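Since the structure comes first, as structure tokens, the remarks are kept for the end.
If you're wondering where the values come from, they're calculated on a predicted model, not measured in any experiment.
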Amino acid sequence: MSVWDDLVGQEQVVEQLSSAAGTGKMAHAWLFTGPPGSGRSTAARAFAAALQCAETPRGCGHCPSCHQVLQGTHADVEVIRPSGLSYGVKETRELVLRASSSPSGGRWQIVLFEDADRATEAAANALLKAIEEPPPRTVWLMCTPSPEDMLMTIRSRCRQVTLRTPPVAAVANVLVQRDGIVPEIAEQAARAAQGHIGRARRLATDPEARKRRGEVLAVPRRLTSVGPAVSAAEALVKAAEAEAKTTSEGLNESETSALRQALGESAKGRMPRGTAGALKELEDRQKSRATRVKRDALDLALLDLASYYRDVLTLQLGASTDLVNIDLAPELRTAAAAGPPEATLRRLDAIMECRERLEANVNPLLAVEAMALALRIPR
């Protein structure tokens, strides 16, 4: 067993990080980049475990320190997971202050900042000051999809770790070996997830996830006229809202209950004076998180839809690349024969434009309706 076991298809990254952990001479700021599902945060967590390992400089994976880091309970490793749309300057300044303290028991004080690209401009500037002059035993591990997602001044002060999309075969093998998934289902899930390990596991083990994906892939068949196109768009948005509501409600209830108890709620449900502000702040964070979860769910649906047209384009161009949605091969061949590659490219552009509009806070229903109409119009 090793701290690197969960990094799938990233041999070069493992060698880079284990070597850096072993030398003891390394940068105090690291930037982990790679496409969704490549394992950015997994790599950063494994690196943190190796840095704190009490047995070997490269991370043994079984000592108490390694175990605590991998389980998220190590006192000297703080993991930041922005749940809302952004991470503000106030939170960042508080984080910088905590990161400046000396390790309580480990070798390093480590901050693992997932989705660091969600930091606002003011927050990024506050972060830059901490990275420019870090305390001697503090290490920053930041994760973003692309280096361009961070300020150039921050990028220039970080050692970069670039992860790639894991091969389908490697992801399928993990599902079979570690999760006991039937090889055929593992292969289908890995292919459908396009190398995203977490998504592949969800598709392989959750029938509802497979059903939702199937409904998304049925959208092209529904785009027969304006009415069905608008209805398909509405169904996509409602499905994302339902998924976000299911995800958020359980978290909201437990967080609110814990905070009310911590603030001194009475047996009759009354709150002490002066606690309304804290409850309102929690409510605002929960609303921001719900918006982010909804947007992420909708974006995932759009990526699944893009995989459909990607397969159509693959067939139109006669490329040797394997199909993502191989179970829809007959339908995809029919779609490929129905028009030129240029029309498929325009449809893919419409999906990508919809994603950009959603990121820019355009009303989701309006953005998806415009996309659906663009997908159905013959070009």
Side-chain angles (χ1 to χ4, degrees), residues 36 185 188-189 191-194 196 199-200 202-203 206-246 293-319 321-379:
I185 295 178
Q188 291 176 352
R191 193 180 299 278
Q194 301 180 67
H196 192 303
R199 181 94 197 285
R202 196 175 310 120
L203 288 172
D206 185 358
E208 283 299 316
R210 293 197 294 271
K211 179 183 177 182
R212 285 193 296 269
R213 187 172 188 276
E215 291 171 350
V216 171
L217 295 176
V219 166
R221 297 194 293 272
R222 300 176 59 185
L223 305 177
T224 54
S225 63
V226 173
V230 172
S231 296
E234 184 179 8
L236 276 179
V237 174
K238 284 187 175 179
E241 290 175 343
E243 185 174 350
K245 183 178 180 181
T246 300
V293 172
K294 174 184 173 182
R295 184 181 294 176
D296 288 348
L298 192 52
D299 188 64
L300 187 58
L302 295 179
L303 290 175
D304 285 334
L305 188 58
S307 76
Y308 180 97
Y309 291 105
R310 175 263 188 202
D311 284 346
V312 171
L313 185 63
T314 296
L315 293 170
Q316 289 173 328
L317 298 178
T321 307
D322 292 334
L323 298 179
V324 172
N325 305 290
I326 198 167
D327 53 319
L328 298 178
E331 177 184 333
L332 294 168
R333 292 191 184 94
T334 300
E342 292 79 8
T344 305
L345 282 171
R346 284 191 285 268
R347 289 182 169 95
L348 283 167
D349 286 342
I351 296 172
M352 295 303 111
E353 184 177 0
C354 181
R355 295 181 68 206
E356 292 174 0
R357 287 174 175 173
L358 291 172
E359 194 62 32
N361 292 320
V362 172
N363 180 282
L365 183 57
L366 293 178
V368 178
E369 283 181 349
M371 178 200 70
L373 294 174
L375 293 178
R376 66 160 295 276
I377 296 175
R379 303 297 179 100

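For the pair Q316 and P341, the tightest heavy-atom approach, listed with the atom from each and the gap, is OE1-CA, 3.2 Å. Scanning all heavy atoms of the two residues, the minimum distance from P364 to L358 falls at CA-CD2, 3.5 Å. Among all heavy-atom pairs drawn from A372 and A229, the shortest one is CB-O, 3.5 Å. Taking all atoms of both residues into account, the shortest heavy-atom contact from R221 to T224 is O-CG2, 3.8 Å. Across every non-hydrogen atom of S307 and R213, the tightest pair is OG-NH2, 3.6 Å.
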Cut-off 3.5 Å, no hydrogens considered: what does the side-chain donor-acceptor table look like for residues 348-356, sequence neighbours left out?
unit_1, atom_1, unit_2, atom_2, d
E353, OE2, R357, NH2, 2.8
R355, NE, D299, OD1, 2.5
R355, NH2, D299, OD1, 3.4
R355, NH2, D299, OD2, 3.1

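Side chains of L300 and L298 form no contact here, defined as non-hydrogen atoms less than 4.5 Å apart. The shortest distance between side-chain heavy atoms of R199 and D304 falls below 4.5 Å. Side-chain contact between P220 and L375 is absent, with no heavy-atom pair separated by less than 4.5 Å.
Atom CG in L345 sits 7.5 Å away from atom CG in L317 (nearest 0.5 Å). The distance from atom CG of L323 to atom CZ of R191, rounded to the nearest 0.5 Å, is 8.0 Å. Summarising the geometry, atom CG belonging to L313 is positioned 11.5 Å from atom CG belonging to L332; distances are rounded to the nearest 0.5 Å. Residue T334 holds its OG1 atom at 10.0 Å from CG of L315, rounded to the nearest 0.5 Å. Expressed to the nearest 0.5 Å, how far NE2 of H196 lies from CG of L303 amounts to 9.5 Å. In this structure, L236 CG and K238 NZ are separated by 12.0 Å, a value rounded to the nearest 0.5 Å.
Residues passing the side-chain contact (heavy atoms from CB on, under 4.5 Å) test with A337: none are found, sequence neighbours excluded. Annotation: side-chain contact (heavy atoms from CB on, under 4.5 Å) contacts of E359 (sequence neighbours excluded): R292, R295. In this structure, the salt bridge (charged side-chain N to carboxylate O under 4.0 Å, His left out) partners of E241, at least two apart in sequence or on a different chain, are K294. Residues satisfying the side-chain contact (heavy atoms from CB on, under 4.5 Å) test with L365, not counting sequence neighbours, are E234, V237, N363, E369. Residues forming a side-chain hydrogen bond (donor to acceptor under 3.5 Å, both in side chains) with R310 (at least two apart in sequence, or on another chain): none. A209 meets the side-chain contact (heavy atoms from CB on, under 4.5 Å) test with R202, L203, D206, R212; sequence neighbours excluded. Qualifying side-chain hydrogen bond (donor to acceptor under 3.5 Å, both in side chains) partners for Y308, counting only residues two or more places apart in sequence or in other chains: E331. Scanning for salt bridge (charged side-chain N to carboxylate O under 4.0 Å, His left out) contacts around R210 gives an empty result, with sequence neighbours left out.
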Item to complete: Evaluate side-chain contact (heavy atoms from CB on, under 4.5 Å) for D311 paired with L328, printing each intermediate quantity in order.
Response: CA-CA 10 Å; D311 284 346; L328 298 178; over 6 Å; no

Fill in: Candidate pair R347 and V312, rule side-chain contact (heavy atoms from CB on, under 4.5 Å), full reasoning
CA-CA 11 Å; R347 289 182 169 95; V312 171; over 6 Å; no

